[in-house]
Each structure stands twice: as C-alpha cells, then as structure tokens.
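Protein chains get the first letters and strands the later ones, always in sequence-line order, with residue 1 at the start of each.
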Amino acid sequence: MRYEAPGTIEDAVGLLAAEKGLARVLAGGTDLLVRLRSGHVEPDLVVDIKHIAAMHEITAEDGGFRIGAAVSCAELGEHPGVRKLWPGVVEAAELIGSTQIQGRCTMVGNLCNASPAADSVPAMVAAGATVRVVGPEGRRDVAVEDVSDAPGKTCLARDEIVDSVFLPARPARSGDAYLRFIPRTEMDIAVVGAGVALTLDGQGVCTAARMALGAVAERVLLVPEAAALVGTTVDEAALGKLAAVASAACRPIDDKRGTREFRIKVAGVLARRAALIALERAKG
Amino acid sequence: MSQVHVTTTINGDEVEYLCEAEETLLDVLRDRLGLTGAKEGCGSGDCGACSVMLDGRLVCSCLVLGAEAQGSKVETIEGMAAGETLHPLQRKFIEHAALQCGICTPGFLVAAKALLERNPDPSESEVRYWLAGNLCRCTGYDKIVRAVLDTAAEMRGA
Amino acid sequence: MPLDVKPGLEARKFKLVGTRPLRPDGIDKVTGRARFGADMSAPGMLVGRILRSPHAHARIRSIDVSKAAALPGVKAIVTRDDFGDCPDDLVDIRDNVMAREKALYEGHAVAAVAAVSASVARQALKLIEVDYEVLPHVTDVEKAALPDAPLLHDDMVTQGLEETPAKPSNIASRCQFGHGDVDKGFAQADLVVERKFRTEATHQGYIEPHACLATMASDGQADLWVCTQGHYYVREACAGLLGMDLSMLRVTASEIGGGFGGKTTVFLEPVALALSRKSNRPVKLVMSRDEVFKASGPTSSSSIWVKIGVTRDGRITAAEALIKFQGGAYAGSPITLGAMSAFACYALENVKSVGYDVVVNRPKQASYRAPGAPMVAFAVESVIDEIAGQLGMDPVDLRLVNAVNDGDKSSYGPKLPKVGLRQTLEAAKAHPHYTAPLGPNQGRGIACGFWFNFGGQTCVSLNLNVDGTVALAVGTPDIGGSRASMSLIAAEELGIPYEKVRCIVADTSSLGHNDITEGSRVTFSSGLATIEAARSCIQVLCARAARIWDIPPEAVVWEDGHARPAGPNAGEFEPMSLAEIARLAPKTGGPIAGHAEINAGGAGVSFATHLVDSEVDPETGRVSIVRYTVIQDAGKAIHPAYVEGQYQGGAVQGIGWALNEEYIYGEDGRLQNAGFLDYRIPVASDLPMIDTVIVEVPNPRHPYGVRGVGETSIVPPLAAIANSVSAAAGVRLAELPMSPPRVLAAIDGMKAAAE
C-alpha cells in the first residue's frame with residue numbers, strides 16, 4: 001500500500017486518475033482504517049486529503065455554509081454559525097461514534113462510506129444539503145440524497161473527490177432535528193435514524209417539510225410523503241400521519257441490530273419526536 | 001515495499017521514525033517507539049484504550065496511520081506526569097480506586113485530561129458522555145466518574 | 001515450621017485490615033509503565049499469527065503449508081502434526097488449541113506461523129491451503145440435543161445416566177442434585193408456578209486480548225510471559241502438550257487486563273511455545289478482538305425450566321429445575337455448578353435440579369464469574385418474583401420466609417455454616433432505595449444470589465530484608481487489587497506499616513504451586529497462607545530476640561511489631577522492633593523468613609441482594625437503569641474500596657448481560673458480532689452510580705472472617721433487572737438479553753391481548 005498526502009485538490013484528483021489499482025481517499029480515517037484492519041479493503045493507494053488547506057475551511061456562502069471535506073465533526077460542533085443555522089445537522093454529526101471518533105470523523109466521510117445507517121446523512125438530506133464533486137473534467141453539485149443508492153456504493157467516479165458539503169440558507173421560521181434509536185446511550189450504529197426539517201408561516205401553518213430516514217432501507221430515504229405536514233399546524237393528528245408515513249416508507253431488513261418490525265415501528269416514533277423538536281425550533 | 005519517513009513531536013520531544021504505510025500510530029508507538037502505555041483493546045476504535053492527543057484532539061491512535069502523524073503533536077499517557085509529579089487525575093485515580101486491572105486506565109486518563117482542559121466543571125452526565133468511548137469492564141465506571149469529578153473540583157480550587 | 005493458625009475466627013481489633021491504602025501497582029498503572037501481556041518484547045522476536053477455520057463444522061482433509069513456508073520472512077509453521085500424545089485430561093485442551101480431524105467451530109485454530117513482521121505473517125496465512133469438507137453444523141443448545149442433530153464427536157456417549165446409551169450424541173453428561181420428594185411437595189402447594197427461560201452466550205469482555213511471548217532454547221528450557229489468571233496451570237498445560245518437564249518451563253504472569261474466568265485456561269500459549277521451539281526464536285502471539293470473541297471461551301447459552309410451589313403464606317414446598325447448558329464444542333459447561341447453585345438461597349425440604357451438558361459448534365467455553373449461576377438465578381429469582389406478585393407479598397418478605405439460615409441443609413448437599421443472606425435481605429429492606437419514589441414508566445426489582453467460593457493449593461513466601469522491609473511473594477495473579485490486600489494482612493500480622501511490605505506475584509520457578517486465581521479464592525487462600533507465613537516468621541523473630549537476650553524462645557512474645565519478654569520473670573529487656581532484629585539477622589543465624597504451603601479449606605459462601613430501578617420507554621422498548629444498589633456479605637472486607645469495586649464491576653457485567661450482550665450466530669454458524677461495536681457492553685453513559693453496602697457476617701473458618709466476594713455480584717442482576725422491567729412495563733421477559741426489540745414486542749403483545 002502507498003500513502004500520499006497531496007497539497008492541492010488537483011494533485012489529489014490526478015493521483016486517483018493515475019492509479020491503476022484500488023485507491024481510497026483518506027479524511028478522518030474512522031471508517032477506512034477499520035476496513036483496512038479487518039481486511040475488507042486492500043487499497044494500493046491511500047490519498048490523504050488533510051494537507052489540502054481549503055478542505056479544512058468553513059465559509060459562509062449565500063446565507064448558508066460550505067464545509068470542507070476534511071473538517072472533523074468536533075470542529076464542526078465548535079462553529080457557532082453552523083450550529084445556529086442547522087442545529088439538527090450538527091447534532092447528527094456529533095452523534096457519530098465517541099469523543100475520540102469525533103476528533104477525526106467527517107460528514108463527507110460519513111456520507112461517502114455509504115452506510116444506510118450513517119448518522120449525519122438523514123439530517124443533511126432534510127436540510128437540502130448538496131456536495132461538490134471534483135474530478136478531472138471539472139466540478140458538479142449533487143444532492144446528498146443522490147450520492148448513494150446502495151450500501152458501500154456512491155455515484156462518484158474512481159477519479160472524483162467530494163471537496164465540500166454545502167448547507168443552504170434556512171428560511172425564517174424553520175427548524176430541523178435528527179434523532180436516532182440505539183440500544184445503549186452511545187457507541188452504537190443507528191438502528192433507525194430520522195431527520196426532519198420544516199418551515200412555518202406567520203400563522204404557524206407548515207409551508208414546507210422534508211423528512212429522511214436512515215437504517216431502514218438500502219439507502220437513506222428521502223420521504224416525499226412528509227409533505228403531509230404541509231398546510232397543518234403540526235398538531236397531534238398531523239404528527240400521527242407523519243409517523244404512519246414514516247413507517248410505511250421503510251423497507252428494512254432483520255439484522256443483528258434490529259428486526260424489520262422493530263424498525264418500522266420505531267421509525268414512526270422517531271419521526272414524530274424529531275418533528276416535535278423541529279417544530280419547537282421553528283417557533284423560535 | 002518502501003517505508004514512510006515521519007518526523008513528529010511526541011510528549012514534547014522531536015521524534016523520527018520509519019513505518020509501513022498501513023501501520024497505525026498505535027503500532028508505531030508500541031512496536032517501534034517502546035511507548036506501550038496506549039493499548040490495543042479492539043483495533044477498531046470501539047474501546048478507547050489506545051487514546052492519545054493528536055494536535056490537541058482526543059483520538060483513537062488505532063484509527064490514525066503512523067504516516068498521518070507527520071508534522072503533528074502527539075501526547076500519550078507517558079507524557080502526562082511531570083517527571084516525578086503525577087497529574088492530579090493520576091493521583092485521584094489511585095486514591096479513588098478507579099482502576100482494578102488497569103488496562104483501560106491510560107486511555108481514561110488521556111480522555112479525562114482532555115475533558116477537564118476544555119470543561120473544568122463538568123456535570124456527572126457530561127463526564128459519562130465524554131468518556132463513553134472508553135470501555136471499562138472491571139469497575140462499572142462508578143469510581144472512575146467520582147475520581148474525575150473530584151479532580152475537577154480540586155483543579156478548580158473548589 | 002509448625003503451622004499455628006487455627007481455623008477459627010479470632011476476635012480482634014484491626015489496625016490496618018479494613019483501611020484503604022494506595023495499591024502498590026497504582027503508579028505503574030496510571031503512568032502506562034505497567035507491563036501487560038502484549039507489552040513485552042525480546043531481541044529477535046517473531047510475530048505469530050493463527051489461521052482459523054471459516055467453517056462452523058468441517059473435516060480437515062489436508063493442510064498444505066509449502067507455499068507459506070517458502071515465503072521470505074517465515075521462520076516456523078505448526079499444525080496438528082506438531083502436537084502429539086498428551087495426558088488424557090489435556091486431550092480436549094490440545095484439540096481446542098489446534099484442530100485435529102475436524103474444525104468444530106468458526107475460529108477453531110488450524111495452523112500457525114511465526115514470521116519477521118505482522119504483514120509477512122498475514123501474507124503467510126493466506127498462502128496456507130486447507131482442504132475442508134464442510135459438514136452440517138448446530139449452534140443451538142436445544143437443537144443439538146435432538147436425535148438427528150449433526151454429531152460433533154463420534155465417541156461422545158452421555159455420562160451420568162442410569163443406562164449408558166448405545167449411540168453417541170451431543171449430550172456429554174447429566175447431573176442431578178437435591179433431596180426430598182418434589183412431587184409430594186408440589187401436591188402440598190397452594191400455588192405452583194412453572195416457566196421456561198432462555199439465555200444467550202455472553203463473553204467476559206476483558207479489554208485486554210490474550211497475549212504471550214514464548215522463548216524456547218534449543219536445550220528445551222523455556223520462558224513464557226503471559227497474561228493469565230493461573231500461570232501454574234499454564235505451565236502444566238503447556239508442558240503437557242509440548243512433552244516437557246514442569247521445571248523446564250518458567251511462566252511469568254504479566255499484569256492482566258481483565259480475566260473474569262476467561263483467562264483460566266490456554267488458547268495461544270502452547271502454540272507460541274511450539275513456534276518458538278521450531279524457529280529457535282522468541283515468538284509473540286496476540287489475539288485480535290475478533291479472535292477473542294470467536295476463539296476464546298465465552299460462557300454457555302442455556303435453556304432452563306423452573307417450577308416452584310408455595311403455600312399461601314409463602315413457604316416453598318417444592319422447587320425443581322431442568323437446565324441445559326451448551327459448553328461449546330467440548331464437554332465441560334458449568335452445568336454442575338449451575339445446577340447446584342440454583343436454589344442455594346432457600347431452605348427447602350423438597351428440591352431437585354437436573355442438568356445437561358450439551359456440545360455445539362461454538363468455541364469451547366471458559367469460566368465467567370460465578371460460572372453457571374447467573375443464568376439459573378435469572379430463572380429462579382424471576383419465578384420467585386412472579387410468586388410474590390401472585391400472593392400479594394412483598395418480594396423481600398417472601399424471600400425472608402424461605403431464606404437459608406446457619407446450619408440449614410443446602411439444596412446442593414452440605415450443611416451450611418454461618419451465612420449472611422438474611423442480613424442482606426434485611427439491609428435491603430432498610431435501605432432508602434427500597435422506599436424511594438419511582439417516576440413514570442419506572443419499576444423496582446430485587447433478586448438474591450449466591451456463590452460457593454473456593455480455597456485450594458496456595459504457597460506464600462515472606463522474606464525479611466535487613467532494613468526491616470518485607471518481600472512478600474505470592475503465586476496468585478492479581479486481578480482485583482490482591483497485592484494491596486496481602487500487604488495489609490502481612491503488615492497487620494507483623495505489626496509494621498503497610499508501606500514496609502512489598503508484594504509481588506512470583507513466577508513458577510520461584511515459588512511452589514498455586515491454584516488459579518478464580519473461584520473468589522485469592523483473598524481467602526493467599527490471605528490465609530500469608531497469615532501463616534507471617535506467623536511462622538514471627539516465631540523466628542522471637543527466637544532471634546531470645547538468642548540476643550539469652551532467654552528461652554517461649555519467653556518471648558510478639559506485640560505491635562516488637563519482640564518483648566513474655567513477663568517480668570523473663571527479664572528486663574527493651575522491646576526489639578522487627579527492623580532491629582532484621583538488621584542483626586546476619587549475626588544471629590542468617591536470613592529470616594516465613595513460608596506456607598497449604599491446601600486452604602473452609603472458604604465461606606457469599607450471599608447478596610440487589611435492588612434496581614429501571615425505566616422502560618413504552619414506545620421503543622429501551623430499558624435504562626436508573627438506580628442500582630448491591631448489598632453483599634463479604635465476611636470481612638480487607639480493603640473496602642476493592643470490595644466495593646468487585647460489587648460494582650459484577651453488577652455492571654450483569655446489567656450488560658441482562659440488557660444487550662449476546663452472541664449472534666447466522667444460519668451459516670458464523671458469529672456476526674465479533675467486536676465491541678455490536679457486542680454491546682455497558683458504556684459509562686448507560687449507567688448511574690452503583691451504590692454498595694458491605695455486610696460483614698464473618699466466616700468462622702478464617703481468622704479474620706474473610707469470604708470471597710468477586711463472583712456473587714454477577715449472580716442477582718439478570719433477575720433483578722427482569723423483575724424491575726416487569727414492574728415498570730407489566731411484561732415478564734423470559735429470554736435474555738432484554739433488548740429493545742424483545743421488550744417492545746412484549747409490550748405490544750400485552751397491549752394487543754388487552755384489546
């Protein structure tokens with residue numbers, strides 16, 4: 001295995017393009033090194049992007065924030081601006097692993113590892129986030145929900161890197177939240193994850209709602225039927241409808257972390273609890 | 001296969017080493033530099049026994065490549081005491097019987113030190129959540145949490 | 001030296017025993033200097049790695065190591081061909097350490113290499129070609145007992161039946177305990193409750209993986225550095241498997257990063273020695289976490305049926321249990337101890353427990369803290385709780401009606417001496433936890449537990465240095481702070497400050513045989529031997545003072561760390577301190593020491609009562625532990641902080657076992673959760689403080705009253721938590737772990753039934 005630490009994104013892309021064998025991008029390493037260690041992946045080349053200065057930046061952009069791919073979740077959590085704008089996203093990112101993992105892991109790594117149970121992804125999807133993909137041909141923006149459609153698979157070509165994630169401006173009177181279910185209080189992979197973002201008008205009526213579910217399908221699910229909240233005051237009846245919509249959208253499996261029935265049931269419970277938090281935040 | 005040459009700082013000392021690309025920082029510390037205080041309990045970032053500080057961040061050294069320490073500042077358990085003088089956490093752990101077998105203790109001490117440097121007055125819940133990535137099988141965590149809270153109080157001069 | 005320790009309890013006021021001094025290994029452990037199993041290295045050291053079967057059950061037709069042997073950097077390879085005849089009692093160990101005709105579980109060792117680096121060793125394993133004939137497998141304890149189950153051992157015929165069966169099966173043995181007539185007893189009952197329970201296998205979960213460094217010279221002398229609970233047993237097993245004299249193998253116990261019974265046997269060590277012998281270089285062999293789960297010794301999964309009958313005022317008239325344990329691929333689950341402990345808390349006229357030891361395609365089990373008892377207590381204490389509910393009786397009162405007293409015949413046979421169960425129950429009732437208010441969705445549970453505790457063969461050597469300090473050598477690896485306790489005992493006996501005693505764990509060449517650190521035996525046995533060695537040393541000290549004073553030795557007594565004349569008739573001499581006599585030792589006859597070689601008997605049983613409050617989220621089934629109190633009889637707490645530590649640690653292992661820990665096997669017989677991510681032990685944020693109450697009902701067979709404490713604490717939690725969940729959510733869980741999907745399914749099932 002070879003290790004390279006390029007100083008620019010162009011160099012990084014060049015290394016990936018030139019590699020005939022298997023190459024992997026290294027940011028936080030908290031997924032890659034586990035897979036290396038267990039023998040699940042044997043790359044010929046590891047490209048460390050942490051020496052690319054721009055990857056560590058968080059910059060205000062168009063009312064939102066652009067977050068470099070090498071920004072650790074710990075650093076993200078210390079940024080008051082991002083936390084104020086999208087608290088649900090930041091809280092979700094802060095759920096990944098332990099304090100030690102937080103010191104290294106990144107949202108982009110979490111996304112590109114392409115586990116349907118990734119904690120940061122449902123919240124990013126609910127927020128309408130996009131990622132910027134850089135390759136030899138140039139740059140393109142991709143909605144977070146379109147990055148992965150199967151476990152371990154992304155839409156990136158072998159010579160493309162994500163250089164940042166963009167969290168858009170948040171409309172007035174809106175709020176977001178992410179909740180996950182795990183059997184312990186920390187350290188577990190999500191058995192179910194639910195991210196909800198909603199917007200209210202001046203009368204407290206919901207004008208927009210997005211919901212994404214994690215760990216209940218082969219990909220993170222953006223659930224368009226969350227629009228059932230629109231036109232309501234997000235009261236008990238509407239929340240009950242949202243819970244039903246969430247349960248209906250699931251197509252989970254039985255595995256060592258949870259059963260089908262459990263995930264379907266708890267998806268509904270979490271959708272409603274997350275929506276309540278988002279509602280409180282929207283009301284200010 | 002050629003090795004990676006790394007220059008870094010460990011516990012304040014400049015250190016150079018050669019390592020294979022796939023060696024972790026934990027492997028380097030233990031097998032090349034004789035710093036066996038950090039332990040391998042799982043090799044997958046789930047137990048925290050390998051905790052070190054890297055550029056001021058608490059990390060699992062089993063999830064960092066030796067190569068990634070280039071130009072960085074590493075702090076391990078071996079650097080926690082100042083010569084003969086134990087850090088208050090080290091002293092309090094012994095006083096409170098916050099260790100039984102002691103294998104998780106270096107990891108806990110490094111993690112707890114990082115906590116108190118950032119938050120000198122943590123609540124019991126904050127201590128427990130900060131330390132959730134450090135597994136202990138002997139103590140049930142009770143005396144560890146008491147030792148950390150007592151140290152925080154002493155360091156605050158309370 | 002004549003032994004002068006009477007087996008009775010002495011009335012005395014302790015100066016040091018019962019205090020909380022700092023432990024001697026504390027500084028090393030908080031600075032990272034302490035050396036554990038994987039922390040040692042030697043010049044020229046090779047790295048060992050083991051090739052393991054990917055199949056749960058397979059015939060090994062052939063093993064071709066030629067390509068691996070040709071890889072540059074590979075210095076030795078061993079397989080089943082390198083392990084020949086061995087004593088009968090080591091055959092299963094030998095086969096478990098390196099598979100012979102068949103691989104009997106996923107992870108079973110098939111070959112091993114020693115190479116110049118970890119990466120060469122890894123590559124070498126890939127080049128070893130094993131021809132497997134995959135066979136049908138079975139991992140479930142009930143399924144393995146069925147007549148058409150895949151057979152693990154062609155020669156396994158059930159022992160302990162009235163008629164030995166003609167055909168082999170996976171049932172290794174049957175055992176039975178009890179007395180009286182249970183059928184008659186049930187006929188006398190006003191209420192009979194019977195239930196079936198299942199528990200899944202769990203692992204001791206020590207944070208330090210197995211590790212050793214083996215060095216064998218070409219003249220056959222060998223050194224082994226290993227993290228173990230019993231280095232003398234390691235010596236015996238390795239010497240037996242390698243055909244060595246015991247004296248040729250010197251085993252040093254490193255600091256140990258947790259054991260809980262899982263490090264009382266051998267897995268890696270004979271392989272490391274064989275590799276070292278073949279390569280003529282030191283070989284370091286360390287398990288990965290994955291290997292620890294797949295190829296060390298988890299505890300049994302079980303299927304347990306319990307039936308208890310009571311009169312309407314709560315007196316148990318009969319109690320019966322049928323228990324099945326699987327011990328992995330070889331006979332030897334803790335079924336005997338489990339069956340014996342089942343009803344040990346209760347004084348019963350009619351009691352019967354029957355146990356079956358079953359083999360399955362899983363790793364060979366090893367002891368886990370009170371082996372066999374937690375699962376059975378889960379079943380029995382759950383039924384007791386249900387009975388209390390049906391009778392409308394307070395659960396403590398129901399137990400007090402039936403609790404064993406001093407002199408009762410135990411359910412497993414012997415007459416019990418002085419015991420402390422009643423005292424722990426009364427302390428529970430009096431504790432503020434018992435009456436504290438509960439919040440919504442919260443419930444309180446209580447359960448009792450028991451462990452036998454053991455004595456055993458023990459040697460101690462106590463040597464005085466000329467400056468009056470003491471070198472105390474014990475042979476029981478320190479897994480819980482025992483060096484501090486032994487130092488306290490020696491200092492107490494000699495009458496000198498604690499700081500003057502330095503206790504080490506000697507290697508197998510430096511001290512006589514010691515049984516394994518297990519069975520909660522160390523404070524009792526090494527403590528007893530330390531007392532004897534100290535008293536033996538005192539006899540010498542008195543004799544030396546007598547010589548200096550030129551009076552008969554009988555005229556000298558030892559008090560407060562000084563030799564003094566026994567009375568005015570003996571003469572007017574200033575008392576001499578231990579240090580003063582020690583300084584003159586070269587002139588008065590040479591070095592002064594005391595030693596003891598005993599087979600300690602008279603260990604005292606330890607009872608406990610646990611109280612727990614839990615909260616159940618009715619929408620997700622998640623259980624949180626809100627409050628926990630351990631009340632246990634220690635006899636006499638030598639170092640109270642370490643006794644508390646044992647109570648808390650055992651309780652938390654029980655919490656993990658009750659709520660989340662389990663071995664998860666796929667249809668393919670492979671372990672799906674061989675890591676700390678999905679084998680979920682409790683983390684700090686899962687728990688409250690664990691309160692402890694040390695009850696002291698002295699053991700009359702020990703001079704200080706000591707009882708073992710390390711194991712009882714894991715016995716009550718499983719039932720205590722199940723009982724609290726039942727109180728909180730109205731559902732009785734009979735299957736462990738009580739993971740959220742199970743709890744939620746039970747709650748939803750209860751709601752559906754109510755509609």
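Residue C:Ser41: no heavy atom, backbone or side chain, is found under 4.5 Å from chain B. Using a 4.5 Å cut-off between heavy atoms, B:Ile94 contacts chain C through both its backbone and its side chain. Contacts between B:Cys47 and chain C at a heavy-atom distance below 4.5 Å involve the side chain alone, from C-beta outward. Of the two parts of B:Leu99, the backbone and the side chain both hold a non-hydrogen atom closer than 4.5 Å to a non-hydrogen atom of chain C. The contact between C:Pro688 and chain B is made entirely by backbone atoms, counting heavy-atom distances below 4.5 Å. For C:Ile655, no part sits under 4.5 Å from any heavy atom of chain B, backbone or side chain. Only the side chain of B:Ala49 comes within contact range of chain C, with heavy atoms under 4.5 Å apart. Interface remark: B:Glu23 contributes no atoms to any contact with chain C (heavy atom separation under 4.5 Å).
Residues of residues 641-650 of chain C that come within less than 4.5 angstrom of chain B, heavy atom to heavy atom, are C:Ala641, C:Tyr642, C:Glu644, C:Gly645, C:Gln646, C:Gln648, C:Gly649 in numerical order.
When each of C:Gly26, C:Ser117, C:Gly205 is checked for heavy-atom pairs under 4.5 Å with chain B, C:Gly205 comes out on top. Note on C:Pro209, C:Gly259, C:Pro21: by heavy-atom pairs under 4.5 Å with chain B, the leading option is C:Pro209. Heavy-atom pairs under 4.5 Å with chain B peak, among C:Ile681, C:Asp25, C:Ile479, at C:Ile681. Per-residue counts of heavy-atom pairs under 4.5 Å with chain B were compared for C:Val652, C:Asp290, C:Asp691, C:Val683; the largest is that of C:Val683. No other option in B:Thr105, B:Asp31, B:Leu135 has as many heavy-atom pairs under 4.5 Å with chain C as B:Leu135. Between chain B and the options C:Phe676, C:Phe260, C:Phe36, the largest number of non-hydrogen pairs under 4.5 Å is found for C:Phe36. When the candidates B:Cys42, B:Pro106, B:Ala97, B:Gly37 are compared by the number of heavy-atom contacts under 4.5 Å with chain C, B:Cys42 comes out ahead. Of the listed residues (C:Ile256, C:Asp28, C:Ile207, C:Val286), the greatest number of heavy-atom pairs within a distance under 4.5 Å of chain B belongs to C:Ile207.
Checking side-chain atoms of C:Arg23 against main-chain N and O of B:Gln100 turns up a donor-acceptor pair under 3.5 Å. In this structure, the side chain of C:Arg289 does not engage the main chain of B:Gly43 through any donor-acceptor pair within 3.5 Å. At distances below 3.5 Å, not a single donor-acceptor pair connects side-chain atoms of B:Tyr141 with backbone N or O atoms of C:Asp686.
Atom CD1 of C:Ile27 has 12 or fewer heavy atoms from other residues, nucleotides or ligands within 6.0 Å. Within 6.0 Å of the CD atom in B:Glu16, the count of heavy atoms belonging to other residues, nucleotides or ligands exceeds 12.
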Inset, instruction - Could you give me the CA-CA distance, side-chain angles and deciding distance for B:Arg137 and C:Gln204, then say whether side chain to side chain contact (heavy atoms under 4.5 Å, CB included) is met? - result: CA-CA 8 Å; B:Arg137 196 56 161 167; C:Gln204 302 82 351; 5.9 Å; no
Inset, instruction - Could you walk me through whether B:Asp142 and C:Leu687 pass the side chain to side chain contact (heavy atoms under 4.5 Å, CB included) test, one step at a time? - result: CA-CA 9 Å; B:Asp142 181 295; C:Leu687 302 164; over 6 Å; no
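Annotation: side chain of C:Thr31 is in contact with side chain of B:Leu86 (closest heavy-atom distance under 4.5 Å).
Residues C:Asp39 and B:Arg30 are paired through a salt bridge, judged by an N-O separation under 4.0 Å between the basic side chain and the carboxylate.
Taking all atoms of both residues into account, the shortest heavy-atom contact from B:Glu95 to C:Leu22 is CA-CD2, 3.8 Å. Smallest separation of non-hydrogen atoms from B:Glu20 and C:Ser119: OE1-OG, 3.4 Å.
Expressed to the nearest 0.5 Å, how far NE2 of B:His96 lies from CZ of C:Arg20 amounts to 11.0 Å.
A search for side-chain contact (heavy atoms from CB on, under 4.5 Å) contacts involving B:Cys101 returns B:Ile103, B:Cys138, not counting sequence neighbours. Partners of B:Phe93 under the ring pair (Phe, Tyr, Trp, His ring centres under 6.0 Å) rule, at least two apart in sequence or in another chain, do not exist in this structure. With sequence neighbours excluded, the residues satisfying side chain to side chain donor-acceptor pair (under 3.5 Å) with B:Ser44 are B:Asp46.
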